[in-house]
Amino acid sequence: MDAWQVTFVTLFVGLAATLAAMTWLVQRQRSGRSRDGLREWCLGLGLQVLAWPLFAVPVTVAGGAAQALASGLLLAGLAAMLRALLRSLQARPAPGGPPTAVVYLPPFALTLALSWPGQAPEQRIALFWGAALLTLLLGMRGPLRGIGRGRPWPERAVILIFGGAAVVCLLRLFEQLVAPRSGPAFDASITVGQQLALAYFLVAPLFATFAFVLMQFERQQRWLEGLAAEDALTGIHNRRAFVERAQRRLSRPDGDGLVALLMIDADGFKTVNDRHGHAVGDRVLAAVADAMRASLRTYDIAGRLGGDEFCMLLMGVSPGEALQRAEALRRAVATHPVRVDGDVVAVTLSIGIAHVRAGRETELDRLLAIADRRLYLAKRAGRNRVIDRDVEVAMPPTPA
Ligand SMILES: Nc1nc2c(ncn2[C@@H]2O[C@H](COP(=O)(O)OP(=O)(O)OP(=O)(O)O)[C@@H](O)[C@H]2O)c(=O)[nH]1
C-alpha cells in the first residue's frame, strides 16, 4: 500500500479508537456493565492503528517481516473487538468470552506463517484472508446466537458490520484462489473484492464503533433501570416496580382476563431475627423469594412490598388454580427449612388471595386491600395457611 492509503486508513481507525477511548474514560467513573467491553474494543482498535503504518514498509525489507507483523496485529485487533462484542452481549457481567490465549493464538500463528521464508506473495495474501475469515467465523458464533430475537438495533448493526467483514474476507479469499495476485493490496487496477476491502477497512471501524458505543449506552441504561426496579435483598421487584407493572398488567387483560393477587407474609419472622440474627433472617427472606420465583409463569409478577411481606400477581388463573398454586408455594416453603451455616431455620407463610377479572376498572389498591384482609384472616386462623374468601374465622383457643 502506498503512504497515502496507509495514512488515510490509519486516521479513520485512529478516529474510531479515540471515540471508543473517550467513551471508555467517561464510563470508567461509573459502576456498570459497559466498561470491560469498551476497554477491549479500544485495545482492538489500538492494535489496528499500530498495524497500518507497518503496511507501508516495502516487502523487500527484512523478508517482509514488517508486513507479517502488521497482518498479525490487524487480526489480533479484529479478534479483540469480537471478544469485546461477545462480552458485552452476555446476559450477566462476567469475565466471559474465549480465553486470551485462544483469542490471540491465530494472529500469532499467522505472523509466524507469513514470516516463514520461501513463500510466494500470492500465498501470503491468501493466508491472510483465510485467517481473517476464520477469526471472524469463530468470533461470530456467540454474537450471532439469538440475533433475531428482539435485539436492539445497535447490537444488530455491530453484528451486521462484522458479518459484512466476513463476506469481504470470503470474496478476497475466493479471488485470490481463482486468480492469484501478488501486487500491493490496493494497486491501480483493483478488483471488486479489493475495493470492498478498502471501503471496509476505511469506514467499518468507525461505523462499528458508533454502533458499539450506542449499544453500550443502551445496555447501561437497561441495567440501571433493572437496578432501580429490583429489591436488593431478594432480586425480585421492589414495591414501586411491582405496583407499576401490576397496574399495567391489570389494565391490559389477556385471554379470559382472570387474575389473582397473592399477599404473602412470613409467620413469626420477628422470632427468626431474634433467635438467629438479622443476617440469617435476610437469607430466609431470599429463600422465600426463590420459592416464589420458582412458581412464576411467563406473565406472572412477583415483588417484595417491604419487610417480610411479598406479593404475586398470577395471570390467567381461575380461583381454583390460584388456590392450588398458593397452596403449593406455602407447602414448598413449609417443607424446606432454610439451612444457613449449620442452622436449620423453619419458616411458614400465610397467604391471602384476591380475585378479579382484569379490565379498565380494576384498581390495584382495592385488590391489595382485599388480599391483605384475607392475609389477616389467615394469620388470625393460626398462620401457615391460605385464605381466598372473606370467611368467619374462629380465633384459635388462647393457651391457658
Ligand atoms: N432480616 C430482616 N428482617 C427484616 C427486614 N425487614 C423487616 N424485618 C423484620 O421483619 C419483622 C416483621 O415482623 P412482623 O411481620 O411485624 O411480625 P412477625 O414476627 O412476622 O409476625 P406475624 O407477621 O404476625 O406472623 C420485624 O421484626 C422486622 O424487623 C429485612 O430486610 N431483613
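In listed order, ligands and their atoms are each counted from 1. What you are looking at is a predicted structure, and each value in this text was computed from that prediction instead of being measured.
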**Prompt:** With no hydrogens and no angle check, is any side-chain donor or acceptor of Asn238 less than 3.5 Å from a backbone partner on Gly303?
**Reply:**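 Such a contact is absent between Asn238 side chain and Gly303 backbone.
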**Request:** Applying side chain to side chain donor-acceptor pair (under 3.5 Å), name anything that partners Thr234, two or more places apart in sequence or on another chain.
**Result:**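 Partners of Thr234 by the side chain to side chain donor-acceptor pair (under 3.5 Å) criterion, ordered by chain and then number, come out as Asp231.
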**Request:** Check salt bridge (Lys or Arg N to Asp or Glu O under 4.0 Å) between Asp308 and all other residues, then give those that pass, not counting sequence neighbours.
**Result:**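 For Asp308, no residue satisfies salt bridge (Lys or Arg N to Asp or Glu O under 4.0 Å) once neighbours in sequence are set aside.
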**Message:** Tell me whether the count of non-hydrogen atoms from other residues, nucleotides or ligands lying under 6.0 Å of CZ in Phe8 goes above 12.
**Reply:**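 Not more than 12 within 6.0 Å, no.
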**Message:** Does Arg222, at its CZ atom, have more than 12 non-hydrogen atoms belonging to other residues, nucleotides or ligands within less than 6.0 Å?
**Reply:**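 Enclosed.
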**Item:** Close-range residues for ligand 1, whose non-hydrogen atoms fall below the 4.0 Å threshold
**Value:**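 Contacts of ligand 1 under 4.0 Å: Asp265, Ala266, Asp267, Gly268, Phe269, Lys270, Asn273, His278, Gly281, Asp282, Leu285, Arg304, Gly307, Asp308, Lys379, Arg383.
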**Asked** By ring-ring contact (aromatic ring centres under 6.0 Å, His included), which residues pair with Phe212, not counting sequence neighbours?
**Response**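 So Phe212 forms a ring-ring contact (aromatic ring centres under 6.0 Å, His included) with Trp41.
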